[in-house]
Amino acid sequence: MANLGSRRFRYDGCRVRQRCGEPRGSRHVVYLFCIAGWCESIVKFSVMDVSGTIRSILNQKSDDVFSISPDATVLKAVEMMDAKNVGALLVMDQERLVGIISERDYTRKVMLRGKRSRETKVAEIMSSDVTVTNPREPVEKCLRLMTDKHIRHLPVVEDDKVVGVISIGDLVKHVISCQSAAIAHLEHYIHGGYAG
């Protein structure tokens with residue numbers, strides 16, 4: 001039995017379920033209830049929204065933004081991706097974002113079409129219709145955007161300047177981190193850590 005303020009809650013043999021409905025402001029509502037055993041009441045409380053903003057992810061990353069010229073060869077782009085251990089590069093003409101080139105562009109537009117990477121220019125195979133986001137955008141919205149458009153990298157632009165690149169892996173890591181914090185909070189709550 002865990003003491004939850006003036007009520008007592010039996011958690012032996014119980015499971016914890018989280019029902020994530022639509023966000024209410026910046027918070028999700030979480031419900032704890034018994035599957036086996038009995039409960040005197042349903043315990044309802046809120047935890048922080050797991051979405052956050054893109055700025056919070058950028059703050060955890062290096063400021064490095066790897067880019068290449070549209071006139072460079074595809075071979076040079078592939079070598080840079082390998083050296084920097086990244087899956088895509090921004091294509092910049094001076095300070096202007098003109099496209100993005102990824103490993104997928106290379107495999108589909110060079111290898112499978114029998115082109116030579118030493119002779120093919122980045123401009124010939126880059127994706128020029130680039131979807132971008134800004135630091136204030138919610139993580140949840142960017143996840144949905146990247147899933148709907150089947151893209152893995154999202155340039156972050158602020159005041160017409162590229163300030164970073166977010167990958168689908170960055171978003172997943174952020175969500176896992178937030179979920180882990182929420183789970184730890186729930187465990188602490190169940191085992192008597194509630195101070196309300």
Side-chain angles (χ1 to χ4, degrees), residues 16-30 45-70 72 77-108 122 125-189:
V16 176
R17 277 190 181 178
Q18 178 173 333
R19 185 179 75 190
C20 290
E22 292 296 320
R24 296 183 180 180
S26 62
R27 306 176 76 81
H28 283 286
V29 176
V30 175
F45 65 99
S46 297
V47 295
M48 192 185 310
D49 184 2
V50 298
S51 63
T53 64
I54 293 302
R55 190 181 302 279
S56 64
I57 296 179
L58 288 179
N59 289 340
Q60 301 299 317
K61 295 187 62 175
S62 166
D63 293 334
D64 295 331
V65 176
F66 303 115
S67 64
I68 195 164
S69 165
V78 172
E79 288 175 342
M80 184 180 293
M81 282 188 269
D82 178 58
K84 303 301 183 182
N85 194 30
V86 294
L89 298 172
L90 300 187
V91 184
M92 305 288 291
D93 185 4
Q94 302 298 328
E95 297 293 321
R96 186 168 62 96
L97 176 65
V98 295
I100 188 167
I101 181 172
S102 67
E103 294 169 336
R104 184 185 297 179
D105 292 319
Y106 170 70
T107 56
R108 293 183 178 180
V122 167
I125 70 164
M126 70 182 187
S127 300
S128 55
D129 185 18
V130 183
T131 302
V132 301
T133 187
N134 66 75
R136 299 175 300 281
E137 204 72 66
V139 169
E140 182 180 358
K141 184 175 180 179
C142 288
L143 275 170
R144 190 181 304 114
L145 177 67
M146 295 176 81
T147 300
D148 291 344
K149 288 182 172 286
H150 304 287
I151 55 179
R152 299 179 183 179
H153 299 87
L154 199 58
V156 184
V157 177
E158 187 173 33
D159 297 328
D160 296 324
K161 180 181 178 182
V162 175
V163 295
V165 179
I166 295 296
S167 71
I168 191 70
D170 294 328
L171 300 185
V172 171
K173 287 178 184 177
H174 178 77
V175 171
I176 290 173
S177 175
C178 291
Q179 292 286 14
S180 297
I183 290 170
H185 179 76
L186 291 176
E187 290 176 343
H188 183 66
Y189 188 100

Under the side chain to side chain contact (heavy atoms under 4.5 Å, CB included) rule, what do I57 and V139 come out as? Steps first, then yes or no, please.
CA-CA 9 Å; I57 296 179; V139 169; 3.7 Å; yes

Carefully, step by step, assess L58 and I166 under the rule side chain to side chain contact (heavy atoms under 4.5 Å, CB included).
CA-CA 8 Å; L58 288 179; I166 295 296; 3.7 Å; yes

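Taking T131 as the reference, L145, K149, I151, L154 meet the side chain to side chain contact (heavy atoms under 4.5 Å, CB included) condition, with sequence neighbours excluded. Not counting sequence neighbours, the partners of R152 by the side chain to side chain contact (heavy atoms under 4.5 Å, CB included) test are R104, I168. Judged as a side chain to side chain contact (heavy atoms under 4.5 Å, CB included), and not counting sequence neighbours, K173 has no contacts. With sequence neighbours excluded, the residues satisfying side chain to side chain contact (heavy atoms under 4.5 Å, CB included) with E103 are M81. For E158, the salt bridge (charged side-chain N to carboxylate O under 4.0 Å, His left out) partners two or more places apart in sequence, or in a different chain, are R55, R136.
Here CG of D105 is found 4.0 Å from OG of S127. Values are rounded to the nearest 0.5 Å.
Of the candidates L143, I176, T147, L171 forms a side-chain contact (heavy atoms from CB on, under 4.5 Å) with just one, namely L143.
No side-chain N or O of N59 forms a donor-acceptor pair with one of S56 less than 3.5 Å apart.
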Show me the donor-acceptor pairs within less than 3.5 Å that the side chains of residues 82-97 make with the rest of the protein, sequence neighbours left out.
none

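The environment of CG in D63 is sparse: at most 12 heavy-atom neighbours from other residues, nucleotides or ligands sit within 6.0 Å.
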